[in-house]
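Just follow the structure's listing: the first ligand is 1, and inside any ligand the first atom is 1. Worth knowing before you read on, the calculation uses all heavy atoms, side chains too, and leaves out hydrogens, waters and symmetry mates.
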Amino acid sequence: MVLIKKESPLYVGVGVDGNYAASDPVAFVDKTNKVIPLEDNEMAVITAVDYKLFSLPDMRPVSREPIVVDIRPQMVEKGGYPHYMLKEIYEQPTSLYYTLNVQKPYLEAVAELMNRARVNFLVGAGTSYHSCLAGSYMYSKLAGLPTIPVVASEFIQQYGSTLDPDVALLLVSQSGETADVLRVASYARMKASTVMAITNVVSSTITRLVRLYIVQQAGPEIGVAATKTYTSQLLVHMLLALEISRKRNKIDDETYQKKLELLRQIPRLAEMVLKNSDEKAKEVAEMLKDSHHIFYLGRGINTATAFEGRLKMLEIAYIPSSAFSAGESKHGPIALIEKNTPVIFIAPNDSSRKQILGNVMEIKSRGAKIITLGTENDRELREVSDYFIGIPEVDELLSPILYVLPLQLLAYYSAALKGLDPDKPRNLAKSVTVE
Ligand code: M6R
């Protein structure tokens, strides 16, 4: 078999009883975990017993030892769940626990470079972009560091001309293969900006393009819908924000330790939320599954949660959905509210609780069906809601990690109840390797 790598990822798997090739080592991990990532313009000639690498166009032989990837076959099995998506939703207490152990020296180095930069951009696509949006609240509120979240496909046009050596970019891509993100990495390198990344895949292309990267440690994600990698990205942003806030003397040692302690509670709280909201999510999904349109509204950092909940619902259950910062609803979207229009509010008991309750009342008075996610002891919110999902009290900046969990379940059950396969949504691929 002759392989040539150009832009999209390509790996040779070196096995005992044969050699393999795929765009992702997950495809042959039941045969071997020894892989050779090919570089652009390299050719591999593989047979069952041998492989040779060459650099093109002059066919210069290349020698490269295989690396061992930390993916075991049981990690890519469904483990008794009907779909990978559900398995990965339920893996979040574990993946969050692993993410808490990301390598400290890398966190410190990225925090240092972000702190030194004149401007910081956070760049990603889809779900990873939503983590950037939530992250920008964390950096600003906890560390007093302004950052600009930008959708990768728009970055070069919108901000390309502003790049210079004093600018830093934190690229977020679970796969590390998203073409729009890789293009930003190459462009920013050319401009001598500091380019860093958060990724979940150790051997991915992005790790070879950036100066520094943090590996999320969430374990392989097979479902097309990003779930555990999203909450893990949020946690990495939070860990970084905490490091930066210390560097900028925004918090003392005692507060730092207290915040770390709160972070350590997150896996346990995530487990509770999943356990307590599963049945309710099924019940709400039964009501939502035939909807023509669903609205998701949040405020502050949970505007990102509203965006992410909407993306999950439309990409796997194919239900048209819109998400807005709740403050925007009366600037237009409220015109679409009719009797029984489902509106989902993300309304924790935080600094925007009073305003969002006002938004709930505005929308309720137009006859909408009100679904709220709020603090479990929030009786007032529960009483004005048609459906209420209670979440344990949590620090405002950590709330997106817990509040997105019932929204993932809601999307999953809506798709499953419609008889759709949540792991294989139409027209979508796990990694979008074309621009
Ligand atoms: O691998 P990446 O994080 O770069 O992927 C970005 C998006 O393609 C991805 O988040 C996509 O939006 C998912 N299907 C969302 O569930």
Side-chain angles (χ1 to χ4, degrees), residues 7-9 23-24 26 83-86 88-89 92 95 99 122-135 149-155 169-186 195-207 209-210 213-237 296 304-319 321 323 400 404-405 407-412 414-415 420-435:
E7 286 163 10
S8 297
S23 61
D24 190 324
V26 161
H83 298 102
Y84 285 113
M85 182 178 175
L86 192 61
E88 286 158 5
I89 290 175
Q92 288 175 105
S95 55
T99 301
L122 310 174
V123 184
T127 291
S128 294
Y129 166 68
H130 297 154
S131 87
C132 294
L133 200 55
V150 193
V151 166
S153 56
E154 287 297 316
F155 184 84
L169 292 88
L170 181 60
L171 310 177
V172 184
S173 173
Q174 85 78 24
S175 64
E177 301 295 350
T178 298
D180 289 329
V181 180
L182 298 182
R183 198 163 146 250
V184 174
S186 307
V195 194
M196 299 167 286
I198 299 174
T199 185
N200 195 37
V201 182
V202 186
S203 55
S204 60
T205 306
I206 205 163
T207 61
L209 286 178
V210 300
Y213 59 91
I214 296 171
V215 182
Q216 302 176 219
Q217 317 279 11
E221 187 177 69
I222 313 289
V224 169
T227 52
K228 64 176 179 171
T229 56
Y230 177 62
T231 48
S232 142
Q233 287 166 354
L234 293 174
L235 200 49
V236 176
H237 283 301
Y296 289 78
T305 312
F307 287 169
E308 177 57 10
R310 173 215 45 186
L311 176 60
K312 290 294 88 97
M313 184 60 88
L314 58 85
E315 75 176 324
I316 60 160
Y318 312 149
I319 304 178
S321 306
V404 78
L405 304 173
L407 300 180
Q408 295 171 345
L409 287 171
L410 218 53
Y412 172 79
S414 301
L420 301 168
D421 182 348
D423 288 338
K424 295 191 189 117
R426 69 182 174 219
N427 307 336
L428 291 174
K430 183 64 183 159
S431 302
V432 184
T433 55
V434 288
E435 284 171 27

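For the residue pair Gln174 and Ser128, no side-chain donor N or O sits within less than 3.5 Å of a side-chain acceptor on the partner. Defined by atom type and a distance below 3.5 Å, a donor-acceptor pair is present between the side-chain atoms of Glu177 and Thr205.
Sorted by first and then second residue, the salt bridge (charged side-chain N to carboxylate O under 4.0 Å, His left out) pairs with a member in residues 218-233 read Glu91-Lys228, Glu221-Lys430; sequence neighbours excluded.
Residues forming a side chain to side chain contact (heavy atoms under 4.5 Å, CB included) with Ala134 (at least two apart in sequence, or on another chain): Leu234, Ile301, Ala304. Every residue two or more places apart in sequence or in another chain that forms a salt bridge (charged side-chain N to carboxylate O under 4.0 Å, His left out) with Glu315 is listed here: Lys312.
Paired with Gln92 under the rule side-chain hydrogen bond (donor to acceptor under 3.5 Å, both in side chains), one option of Thr231, Thr227, Thr99 passes, and it is Thr231.
Near ligand 1, residues Ala125, Gly126, Thr127, Ser128, Ser173, Gln174, Ser175, Thr178, Val224, Ala225, Ala226, Leu311, Lys312, Glu315, Val432 come within 4.0 angstrom through at least one heavy atom.
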